Structures are given as C-alpha cells and as structure tokens.
Amino acid sequence: MTRTPPGSGWCSTAPCPCGIPGPESRRNSRASHPKASRAGRAGSDEGAMTTPAVRVRYAPSPTGQPHIGTVRTALFNWLFARHHGGKFIVRVEDTDQERLVPGSQQNILESLKWLGIQWDEGPEVDGPFAPYIQSERQKLGIYHRAAEQLIRGGNAYRCYCTREQLEQVRTQQREDKVQTRPKDPCSALSHQQRRDREAEGAPSVVRFAMPSTGTTSVQDLIRGEVTWQNEVLDDFIIIKSDGFPTYHLANVVDDHLMDISHVLRAEEWLPSTPRHVQLYRALEYAPPLFGHMPMILGPDRSKLSKRHGATSALEYRDNGYLPEALRNFMVLLGWSLDDKSEVMSLDTMVQNFTLERVSKPAAIFDQEKLLWMNGVYLRQFSHQELASRMLPFLERDLDKRLLPVDMDYLRRIAPLIQERIKLLSDAADLTSYFFQSELEYDSANLVQKGMDQMGTLAAFRRALPVLTAAPGFTHSVLDESLRAAGAELGLSPRQFFGVLRVAVTGRTATPPLFETMEVLGRQRVLGRLHEAIGRLSPA
RNA sequence: GGCGCAUUCGUCUAGUGGCCCAGGACGCCGCCCUCUCAAGGCGGAGAUCAGGGGUUCGAAUCCCCUAUGCGCUACCA
C-alpha cells in the first residue's frame, strides 16, 4: 500500500548530480550530464575533472522586496542542493544600476535567513569563487573579456543604433507582419564604418550574433525537450552602453566560472534559454542543466503582485506567519512528496526533494491554506516555544504601558490561546485582557441573551462569595463550585458562564472560562467582578 | 501579432496504459464534542481528467488538432 518514497533508494546522495531522479524517470530527460563530459575538453577550465558535484545558485537582483516566487525558487534550489549533498550559492545580480533599490540586498539575505535557507557561498560567507556580487565581479573584467572573445570570434558585434531607431524598425516589422526577428543593421557594418563610428565617439552596445538558421534546443529537466527556430531569435544585447553586462551574459559567464551544474529558475526564463544555450556554445563553455520551475500566480491567475496582498517573505514575517509554515506551504507550490503528505519537517523535504516531483503548471498562492498551515505549526509548539514566538509581537502590538511582559505569566497564557491563534500578530488581541488592569468593553454586553439586568447582577453577586471562598483557585475547583452556583440560580451554564466571561475578560469569546480564571488569578477576577457589578448597579 | 509553456474538484495536488465511474489537503456545508470561541472527530457536496479526433483489448496517462490561460517578445531581471 505504501509507495516507496520517490527519491529514496534512487539517488543516494553525493554521486547523483544528474538531476535525473531515477531510472524510471517519466520524463525523457535522460541526457547525460554535460559537465560530466567536460573532462574531455580538458584544461578549458580549472583542469582537474572529478565527479561533477551539484552546485546550484540563487541569483536575485536587488530591485526591491524579494518576491515570494523568487524565494520559492531559492527554496527549491536549496532543497535540491541539500538532497544531493551539493552546494547552494547566492549570487547578487545587480547589473541594472538604474533599478537598484538600496537595502534590498539585505532584505533578500534576511528573507533567506528567516526561512532557514543557508547558503554555502555568497555574500557574507564568501567562498572559492568570490566575489559573489556582479557589480564587483564586473571590476574583474570577466564580462568584457567574454564579450571581446565573442567579438573576435565573430559571435558578437558593436551596435550603434539608438533606442529610437530600433523602436522604429520594430514597429515597422510588426506592421509588415514580418515573422522573423529584426536583423540589426549594425551587424552588417564594415570595418571602416565601425572605425568611423568609434572615432566619432558614438555610444554603443555589444550584441550577440544569433545564428539565423537552424534550431536551438534545450533538454529541460522539468519540461522535456524544448526547441526554437533560430530565425525568430534576435541579436540580444550582452553589454549595455553603461558598460555593464546584461543578465544574459553575466549569468552565463558567472555560472560557468562558478561551476554551476544546474540552473533551476522560474518558468519566465524559459524563453531566453536559447540565448543562453547559444552563448555557452559560442563561448565554448560546457552548459549546465536547465530546469524551469512553475510560476506562482495570484488568485486571478496573473503573476502574483502587490494587488494580491503580501508578496515578500518579510511581509509574511511581519504579518505573523511562521517561517516553518511559510516554507512548508511554499514547498507544496509546485512540488509534492506523495498523495498525502502536507505538513512535514524540513528534513523530510530534504530527503525527498527531487525534480521529478516538481510539477509543470503554475500554482495559485492560496492564502487560506497558508493561514491554516500556520495554525497547524502554532499548535505543535510547546508552551514555552509559543510564548517566546509571541513575545516580540506582544512587545510590538500591546499598549506600551502593559510592558514588559512577564514571561512566566505568558507561558501560562500560551496553552489557553494555542488552539485559537492563527497568526502571531493576533497574539496581542487574543491576550490583552490578561494584561490590562482596566478592561475596556461595552457594559451592554454584560447582559446576555435571555438575561436581564437584575438577573445578571444577581449572578455576579452569587459568584462573588463562591470565588472568594474557593479553596484553591484552580479550574477544576472553580468549575465544580460555579456550576453548582449557577444551578441554584436556575441559570443554564451557557447563561451563567457567559455573563461571567464578559465580566472577567470583557469578551464574549475566550478560552474556557475556568482555565482563564485560574491563570488570571483570584485577585484580578474578583476585581473585575466588582467592576462589573458597579457598572450594572443603579447609580 | 510572433514564439514558448501549460491545462485533473473553487484552490494546492496524487496519478508514470488496467489497482481510478479519479485519492488526499485547504475552503465550504452538516453532525458530534461543548460554558463562548476555537481545536478535534465523523460525514457530505464538489472533477463529463479543457474539447475533439486517433493509437490500444483497455487512455486522466501515448499521438494529433482545436480552445483557453500564462510567460516572453527592453541598453529589466
């Protein structure tokens, strides 16, 4: 009945860098590992070729709050690396100087840390291929050397066209319904013409000369073989006029230099993959394996964005979600262990994560299910753990006059709200009446359905001596004695306990009354009862 | 418009040609438990497997076509 968990038994760990999860792979992506054959190309790289190891990277660009989709991609890369005993590398792709947002690099790293995704190489930790920030790597000249190499080999050329000129060509082509890619006029410039333009000091970019015939294919680890007609692919820019490389060049050069074995990125990158494949070919680099992960969509099926609510991991943190819950929820967006497992430990994820169980269709981010999962994790905590997790939120949200929070007291409150709390950010609201010296509530709430003012007052007056005299202020004692008192008054438990609840907590919905009273303690309870009696008594 | 990818309950998904007139989970509904609110237990509704053609003794699963959705189509990543 139980299926063999996929992954176990197939890929032991280290020596299975292939990304092809098992002998029975349902996808015909059984191509051999390109890097494995690199030994043959000898010295083109570092020389010594051993068993290729899994080296994957997360390459965010610091242009704002890291989107939940890119964080999920980081998670998948990390799990893949851990599953195969490989390395997970973070590389900051800040080649777009115009879109840089200060502080976003910190946000990205903080998101990863919060989620428990540790990187083996990258900012802060460095590693054998440092630096890990492209603007710093730029200074090494690696991108320009690659571009020069391509120009020399006839695989790239300088282009002097202005944006306006290009826009014209493009719209013209569109009007003429030309199906093939726009051929860049500068590709046909003569040597003399180029010299002239350079002498004029004309600004230029470097374009890659895409082959204009034939096809380019990639054996995608998730989607199988994908093929493009080269004639529809354009001569994309590899070096911008500000001298910075574009993503296309930088990522190929760096992935090569950093010995990346698998490029696992979001599906939106699939269309530019033939460019990268051609770059690898022209540069004579052994290409990595590619795998394109499903995207994450909002409820309206469009790319998840601000309009759909929180889109960055840190927002979820501030909104009271647990990293454990968000991580678990995210891993299920596009991956599954089997037909049943949902709530699972990190360890289980690592042990079972294989690309073959990554699904193809884009997934919609279901906030409701995340909320449920957050509750599941919250309920699994020990009282101590829950109290510790709530503390920072209480310090943030509770009236400052109620601080500092007494940890011992909080630890006793924790079990009472554990089944009721769904977000840590609810903690203050759920527990405020434990801390307040003066309750704030509408006196009208004291008199509940089926009761009148006098009856309510009588109930309070009857409860007073019982609570005062209770031998030990524990929930079992209180339960017994108050239940008896209520019966004497001819009130149903619902009525009697209901009015007491409001008097003691100011709320109509709380954890069980007697447990709540026990934690509050005799003094607070009696004080609040007196207060309630005062509120109801005719002046 | 072009190119590419995708398509199983509202949503996340299981499914690797017979075990599937399709299983699990969230959400929803009902019942139970019960001092309120939760949590929990039990049950239910919910998918003509996008549609149409093939292949096969047999198709959610393989092939083709169509439709729809999404992505890309920047000196952004």
Side-chain angles (χ1 to χ4, degrees), chain A residues 3 24-27 59-61 63 70 93-96 98-99 159 161-163 166-167 170 173-175 177-181 203-207 220 222-223 226-229 232-234 236-242 244 246-248 250-251 265-274 292 294-295 297 299 301-303 329 332-343 356-357 359-373 375 379 417-422 430 448 479 482-483 486 492-498 500-502 505 507-514:
Chain A
R3 264 182 91 220
E24 275 126 1
S25 174
R26 70 178 155 181
R27 299 181 173 111
S61 68
T63 53
T70 83
E93 309 228 330
D94 59 345
T95 54
D96 186 353
E98 286 172 27
R99 293 205 315 156
C159 166
C161 297
T162 64
R163 292 173 213 235
L166 291 172
E167 196 45 49
R170 274 194 278 261
Q173 284 225 336
R174 198 165 294 196
E175 277 171 25
K177 296 220 160 82
V178 175
Q179 311 267 311
T180 56
R181 51 74 183 282
S204 66
V205 299
V206 178
R207 284 181 186 279
D220 190 275
I222 312 248
R223 285 149 221 283
V226 184
T227 301
W228 292 264
Q229 295 293 323
V232 303
L233 272 13
D234 66 344
F236 58 97
I237 291 173
I238 55 176
I239 301 278
K240 298 182 265 191
S241 55
D242 66 0
F244 274 87
T246 57
Y247 168 86
H248 304 300
N251 111 85
R265 65 215 328 183
E267 192 195 338
E268 57 195 294
W269 290 107
L270 189 54
S272 50
T273 304
H292 290 90
M295 305 220 309
L297 272 26
R301 303 215 76 95
S302 70
K303 228 171 164 177
F329 175 73
L332 260 16
L333 249 32
W335 176 82
S336 61
L337 199 171
D338 54 28
D339 58 339
K340 295 198 166 53
S341 312
E342 295 216 300
V343 178
E356 94 147 356
R357 298 204 61 86
S359 46
K360 293 188 259 214
I364 289 173
F365 195 92
D366 182 0
Q367 308 265 359
E368 284 288 330
K369 190 159 183 175
L370 206 212
L371 192 61
W372 163 78
M373 193 166 278
R379 270 170 252 130
I417 64 157
Q418 186 151 31
E419 287 169 3
R420 294 160 180 82
I421 186 168
K422 288 192 160 172
L430 248 24
Q448 300 210 310
D479 190 330
L482 284 173
R483 206 171 282 277
S492 68
R494 182 190 183 90
Q495 290 174 310
F496 190 40
F497 302 158
L500 286 176
R501 167 174 286 107
V502 176
T505 66
R507 309 282 180 92
T508 51
T510 71
L513 221 212
F514 310 119

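Keep in mind the model is a prediction, meaning the values are calculated, not measured. In what follows, chains are A, B, ... by sequence order, proteins preceding strands, each numbered from 1.
Look at Arg379(A) and you won't find any side-chain N or O under 4.0 angstrom from OP1 or OP2 of rA38(B). For rC75(B), neither phosphate oxygen OP1 nor OP2 lies less than 4.0 angstrom from any side-chain nitrogen or oxygen of Thr246(A). At rG4(B), none of the side-chain N or O atoms of Thr273(A) fall inside 4.0 Å of OP1 or OP2 (strictly under the cut-off). Phosphate contact (OP1/OP2 of rA74(B), side-chain N/O of Arg163(A), threshold under 4.0 Å): absent. Of the side-chain N and O atoms in Ser359(A), one or more sit less than 4.0 angstrom from OP1 or OP2 of rU13(B). Residue Lys340(A) places none of its side-chain N or O atoms closer than 4.0 Å to OP1 or OP2 of rC12(B).
Counting any heavy atom pair closer than 4.0 Å across all strands shown, Met295(A) reaches sugar-phosphate atoms only and no base atom. Across all strands, Phe514(A) comes closer than 4.0 Å to base atoms (heavy-atom distances). Arg99(A) comes within 4.0 angstrom of a base, heavy atoms only. Across all strands shown, Pro294(A) has no heavy atoms under 4.0 Å from either base or sugar-phosphate atoms. Backbone-only contact: Ser61(A) has heavy atoms under 4.0 Å from sugar-phosphate atoms and none from a base. Using a 4.0 Å heavy-atom distance criterion, Arg507(A) is classed as making no nucleic acid contact.
Side-chain atoms of Lys422(A) and base atoms of rA38(B) include no donor and acceptor less than 3.5 Å apart. Judged by atom type and distance alone, Arg420(A) reaches the base of rC37(B) through a side-chain donor-acceptor pair under 3.5 Å. One N or O donor and one acceptor, one from the side chain of Arg501(A) and one from the base of rC35(B), sit under 3.5 Å apart.
If you take CD of Gln229(A) and C1' of rG4(B), they are 12 Å apart, rounded to a whole angstrom. Rounded to a whole Å, the CG atom of Asp338(A) is 11 Å from the C1' atom of rG23(B). Rounded to whole Å, atom C1' of rC12(B) lies 18 Å from atom NZ of Lys360(A). At whole-Å resolution of the value, NZ in Lys369(A) and C1' in rC9(B) are 13 Å apart. Trp372(A) has its CH2 atom 7 Å from the C1' atom of rC26(B), to the nearest Å.
For the atom pair CG (Leu333(A)) and CH2 (Trp335(A)), the distance works out to 12.5 Å, reported to the nearest 0.5 Å. Atoms CH2 and CD, from Trp372(A) and Glu342(A) in turn, are 5.5 Å apart once rounded to the nearest 0.5 Å.
Between rC76(B), rA6(B), rA14(B), one nucleotide has an atom nearer to the side chain of Ser336(A) than all others, and that is rA14(B). For Glu368(A), the listed nucleotide lying nearest its side chain is rG27(B); candidates were rG27(B), rU11(B), rC12(B). Closest contact between the side chain of Glu267(A) and the listed nucleotides rC5(B), rU13(B), rG71(B) involves rC5(B). Considering only the side chain of Arg357(A), rA14(B) comes nearest among rC75(B), rA14(B), rC12(B). Nearest to the side chain of Arg301(A), among rC12(B), rC75(B), rA39(B), sits rC12(B). Each of rG4(B), rC75(B), rG69(B) was ranked by its minimum atom distance to the side chain of Val226(A); first place goes to rG4(B). Counting only heavy atoms from C-beta on, Leu166(A) has its side chain closest to rC75(B) among rC75(B), rC12(B), rA77(B). The side chain of Ala363(A) sits closest to rU13(B) out of rG4(B), rU13(B), rA77(B). Closest approach to the Lys240(A) side chain among rC72(B), rC76(B), rG27(B) is made by rC76(B) (side chain taken as heavy atoms from C-beta onward).
Residues Arg265(A) and Thr273(A) have side chains that bring a donor and an acceptor to within less than 3.5 angstrom of each other.
A heavy-atom distance below 4.5 Å is found between the side chains of Leu500(A) and Leu513(A). Side chains of Asn251(A) and Glu93(A) form a contact here, defined as non-hydrogen atoms less than 4.5 Å apart.
Across all strands shown, rC42(B) pairs with rG30(B); the Watson-Crick or G-U wobble distances both stay below 3.5 Å. Taking a pair to require two hydrogen-bonding distances under 3.5 Å in either a Watson-Crick or a G-U wobble arrangement, rU16(B) remains unpaired. Base pairing of rU48(B) is not made with any nucleotide, judged by Watson-Crick or G-U wobble geometry with both donor-acceptor distances under 3.5 Å. Using N1 to N3 plus N6-O4 or O6-N4 for Watson-Crick, or N1-O2 and O6-N3 for G-U wobble, each under 3.5 Å, rG4(B) pairs with rC70(B).
Rounded to whole Å, the separation between the C1' atoms of rG24(B) and rG15(B) comes to 12 Å.
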